[in-house]
Trainee: 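The structure under discussion is supplied below as structure tokens; questions concerning it will follow.
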Amino acid sequence: MINETPRVRFAPSPTGYLHVGGLRTALYNYLFAKHNNGTFILRIEDTDRNRFVEGALENLLDTMEWVGLVPDEGPRQGGISGPYIQSERLDIYKKYADELIESGKAYYCFCSSERLEELRDTQLKAKVAQVKYDKHCLNLSKQEISDRLKNGESHVIRLNVEPGSKVKIKDIVRGNVEFDRSTIDYQVLIKSDGYPTYHMANVVDDHLMKITHVIRGEEWLPSTPKHVLLYEFLNWEIPEFAHLPLLLNADKSKLSKRQGDVAVEDYREKGYLKSSLLNFVAMLGWSAGDDKEFYTLKELIENFSLERVQKSGAVFNIDKLNWLNAEHIKNQTNEELLPFLKKELEKSEFRDKTFSDEYLLKVAGAMKSRLNFYGDFIERSSYFFEEPKTYSQDIVDKRWKPETPEHLNKLISEFEKLENPVHDQYEISLKKVAEELNIGGGKLIHPVRLAVSGIGVGPGLYEILEILGKEEVIKRIKTAIDKIKLD
RNA sequence: GGCGCAUUCGUCUAGUGGUCCAGGACGCAGCCCUCUCAAGGCUGAGAUCACGGGUUCAAAUCCCGUAUGCGCUACCA
């Protein structure tokens, strides 16, 4: 076991989108596998036909690939222990269920859902310590069972839990956890439609796929004793368990759709980077023990260990994600930024205009430290793509004085003398004009910014001028003089 | 109700018996830089380490209780 390279799996059910909690689980599995030179497997748990969602599987697979958590074995890449979709493995579960029945560790149950409901109600009313199935069908004779089976009566297969010693679980993040056998319900293993329940399918598959470490959300901890019993009954080696703390809403309940975006597709759509999403989600429940917070995937792989995952749940704090996303954007080179900015342009009203890479690279550099998401980009820098259509009234009121047009005309004639000016030349010219007029630089800078961008915020003025170019700058100043009229 | 897990600034966390009257980050406030907005730098407010008992010369750190929160309790996963 010690020298065995680990095999781990992320086993989502395809509900239509990838939940960020699922992303975190997938990431930890991935990091653990890659850190230890192991294998990361993706298995689809689609055994609930009532929750079948058209297209959900493809979407899930696409999203996993987008974030970069590409499995070594899975529905798309195949592998030595496929198929990796549970609905394609029905006969396998049936085989082991039969085996359990054979050995008396499971039994057929013909109880109707009505009877089950009634049973629950009476137990609830009687305030019994614990509500669970009454083993009614355990006492059926062999003859009766085969008769009813032959008649095609609807039935399930249940786990037969008998009194005995406590079920002990060794969990890498939580230590030892014990459960009394009497508290374990007689879980349905195979449903009446022939599909297995999660409990049956996950144990059978984890064994057959040679999973060494089961890394999953804490919500599975209470049902782990059922799984351990199944391993025992089937005489299989029990894998290691690591139950991850939950991701929480601001009110500390389990992270849910009701309280904000929960699908990684949503974040992708908003222009979050996969690198910051991964970085953020990794830090919810794990830390290397130092103060480092900015990680690349590669660094996460290098440093990750299950022993350092936190025990308690973590609130999904969007403010911190936003900060981290801005950090990741700033950390990108202009060249890395370029394709994303092009994509934003493509989505914008400027999609029909063309701009050179050289130009866009400069815009990227200027805007980099002013973005929270790629989605902010166009909105905050539209003046690089078209001349201002309007001028912010607040800024006009504050910065545009009766004498401003005259000053700007003087500036224009100074700018006109320049040849291929860059940053510094604009500055020198402007300072010179200000001096001649005996005014502060701000008296020119702010109106020019307004004239050229229509707004009062953005990169340094000279940087904007350099990017826009002399002709455009002069044209825009003239237009502004023409259009901005004071009452 | 039963079973289980958890509990350090608002939030994410560091801390594994003395260096912690608890460190970092986000957010918040202020200052600096400055042509604006960001970024960056600095400073500050913010945690009697859930509470109560032990153990120990010494506890956020070990033990036991209590409280609170959360999860599970389906022929859902």
Side-chain angles (χ1 to χ4, degrees), chain A residues 11-15 45-48 50-51 109 111 113 116-117 120 123-124 127-132 154-158 169 171 173-174 177-180 182-185 187-199 201-202 216-225 243 245-246 248 250-254 280 283-294 310-324 326-327 330 367-372 380 395 398-399 427 430 440-450 453 455-462 464:
Chain A
S13 71
T15 53
E45 312 237 331
D46 60 343
T47 55
D48 184 359
N50 298 321
R51 293 216 291 181
C109 170
C111 291
S113 47
L116 261 18
E117 240 168 77
R120 221 187 325 272
Q123 287 181 344
L124 244 23
K127 294 199 165 140
V128 293
Q130 188 199 175
V131 176
K132 64 177 181 178
S154 177
H155 64 275
V156 302
I157 295 174
R158 282 181 186 275
I169 293 160
D171 189 281
V173 348
R174 275 151 229 287
V177 186
E178 293 186 348
F179 295 85
D180 200 292
S182 67
T183 65
I184 304 172
D185 201 359
Q187 188 60 237
V188 169
L189 265 18
I190 303 288
K191 299 181 255 188
S192 57
D193 63 5
Y195 279 66
T197 57
Y198 170 85
H199 309 286
N202 113 85
R216 71 220 314 186
E218 190 191 347
E219 69 267 32
W220 294 111
L221 189 54
S223 49
T224 306
H243 285 95
L246 260 21
L248 272 22
D251 69 358
K252 303 252 181 187
S253 57
K254 189 166 143 184
F280 174 63
M283 301 312 282
L284 293 176
W286 174 85
S287 86
D290 54 24
D291 290 337
K292 185 174 164 67
E293 302 214 64
F294 185 99
Q310 192 81 7
K311 290 178 172 70
S312 53
V315 173
F316 190 92
N317 180 200
I318 195 83
D319 282 338
K320 194 141 189 181
L321 204 211
N322 290 161
W323 166 75
L324 208 44
E327 288 296 302
K330 269 179 283 180
M367 294 305 294
K368 201 153 59 169
S369 69
R370 273 162 264 260
L371 298 180
N372 286 320
R380 297 189 182 182
I395 306 300
K398 199 170 161 194
R399 308 287 193 189
E427 182 168 5
L430 188 138
K443 289 274 189 297
L444 289 172
I445 289 170
H446 295 294
V448 172
R449 171 186 296 285
L450 179 67
S453 73
I455 56 178
V457 301
L461 179 68
Y462 308 120
I464 297 179

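Values in this document were obtained by computation on a predicted structure and should not be read as measured data. Computation of the quantities below employed the complete heavy-atom set of this structure, encompassing side-chain atoms and omitting hydrogens, waters and symmetry-equivalent molecules.
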Trainee: With a 3.5 angstrom cut-off on both distances, give the Watson-Crick or G-U wobble partner of B/rC37, or none if there isn't one.
Mentor: none
Trainee: Counting only Watson-Crick pairs (N1-N3 plus N6-O4 or O6-N4) and G-U wobbles (N1-O2, O6-N3), all under 3.5 Å, who is the partner of B/rU19?
Mentor: none
Trainee: May I ask which nucleotide in the shown strands pairs with B/rC42, Watson-Crick or G-U wobble, both distances under 3.5 Å?
Mentor: B/rG30
Trainee: Quick one: is B/rG1 close enough that its OP1 or OP2 comes under 4.0 Å of any side-chain N or O from A/Q123?
Mentor: no
Trainee: With respect to the side chain of A/F179, which nucleotide from B/rA25, B/rG71, B/rC3 is positioned closest?
Mentor: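 Looking only at side-chain atoms, A/F179 lies closest to B/rC3.
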Trainee: Respond yes when some side-chain nitrogen or oxygen of A/K252 is under 4.0 Å from OP1 or OP2 of B/rU11, and no when none is.
Mentor: yes
Trainee: For the side chain of A/S192 and the backbone of A/S154, is there at least one donor-acceptor N/O pair under 3.5 Å apart?
Mentor: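 No: the side chain of A/S192 does not pair with the backbone of A/S154.
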Trainee: Which atoms of nucleotides 73-77 of chain B (N or O only) lie under 3.5 Å from a protein N or O atom, and what are those distances?
Mentor:
{"from": "B/rC75", "atom 1": "O2", "to": "A/S192", "atom 2": "N", "distance (Å)": "2.8"}
{"from": "B/rC75", "atom 1": "O2", "to": "A/S192", "atom 2": "OG", "distance (Å)": "2.7"}
{"from": "B/rC75", "atom 1": "N3", "to": "A/S192", "atom 2": "OG", "distance (Å)": "3.1"}
{"from": "B/rC75", "atom 1": "N4", "to": "A/C111", "atom 2": "O", "distance (Å)": "3.3"}
{"from": "B/rC76", "atom 1": "OP2", "to": "A/K191", "atom 2": "NZ", "distance (Å)": "2.9"}
{"from": "B/rC76", "atom 1": "O2'", "to": "A/D48", "atom 2": "OD2", "distance (Å)": "2.7"}
{"from": "B/rC76", "atom 1": "O2'", "to": "A/R51", "atom 2": "NE", "distance (Å)": "3.4"}
{"from": "B/rC76", "atom 1": "O2'", "to": "A/R51", "atom 2": "NH2", "distance (Å)": "3.4"}
{"from": "B/rC76", "atom 1": "O2", "to": "A/R51", "atom 2": "NH2", "distance (Å)": "3.4"}
{"from": "B/rA77", "atom 1": "OP1", "to": "A/T47", "atom 2": "OG1", "distance (Å)": "2.7"}
{"from": "B/rA77", "atom 1": "OP1", "to": "A/K191", "atom 2": "NZ", "distance (Å)": "2.7"}
{"from": "B/rA77", "atom 1": "OP2", "to": "A/Y198", "atom 2": "N", "distance (Å)": "3.1"}
{"from": "B/rA77", "atom 1": "O3'", "to": "A/E45", "atom 2": "OE1", "distance (Å)": "3.4"}
{"from": "B/rA77", "atom 1": "O2'", "to": "A/S13", "atom 2": "OG", "distance (Å)": "3.2"}

Trainee: Restricting to nitrogen or oxygen on both sides, can you table the protein-nucleotides 48-50 of chain B pairs closer than 3.5 Å?
Mentor:
none

Trainee: What string of B, S and - do you get for nucleotides 34-40 of chain B, 5' to 3', if B is base contact, S is sugar-phosphate-only contact and - is no contact with any protein heavy atom under 4.0 Å?
Mentor: -BBBBSS
Trainee: With both distances under 3.5 angstrom, what nucleotide forms a Watson-Crick or G-U wobble pair with B/rU55?
Mentor: none
Trainee: Looking at B/rA6, which nucleotide sits across from it as a Watson-Crick or G-U wobble partner, both distances under 3.5 angstrom, or is there none?
Mentor: B/rU68
Trainee: Find the partner of B/rG1: check Watson-Crick (N1-N3 plus N6-O4 or O6-N4) and G-U wobble (N1-O2, O6-N3) distances, both under 3.5 Å, and reply none if neither fits.
Mentor: B/rU73
Trainee: Would you kindly give the CZ-to-P distance between A/F316 and B/rC26, to the nearest whole Å?
Mentor: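 To the nearest whole Å, that distance equals 18 Å.
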Trainee: If we take the P atom in both B/rC63 and B/rU7, what is their distance in whole Å?
Mentor: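 One P to the other, the span is 13 Å.
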Trainee: Taking atom C1' of B/rU13 as reference, at what distance in whole Å does atom CE of A/M283 sit?
Mentor: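 Interatomic distance, CE of A/M283 to C1' of B/rU13: 8 Å.
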Trainee: What's the verdict on salt bridge (Lys or Arg N to Asp or Glu O under 4.0 Å) for A/R120 and A/E117, showing C-alpha distance, side-chain angles and the deciding distance?
Mentor: CA-CA 5 Å; A/R120 221 187 325 272; A/E117 240 168 77; 5.7 Å; no
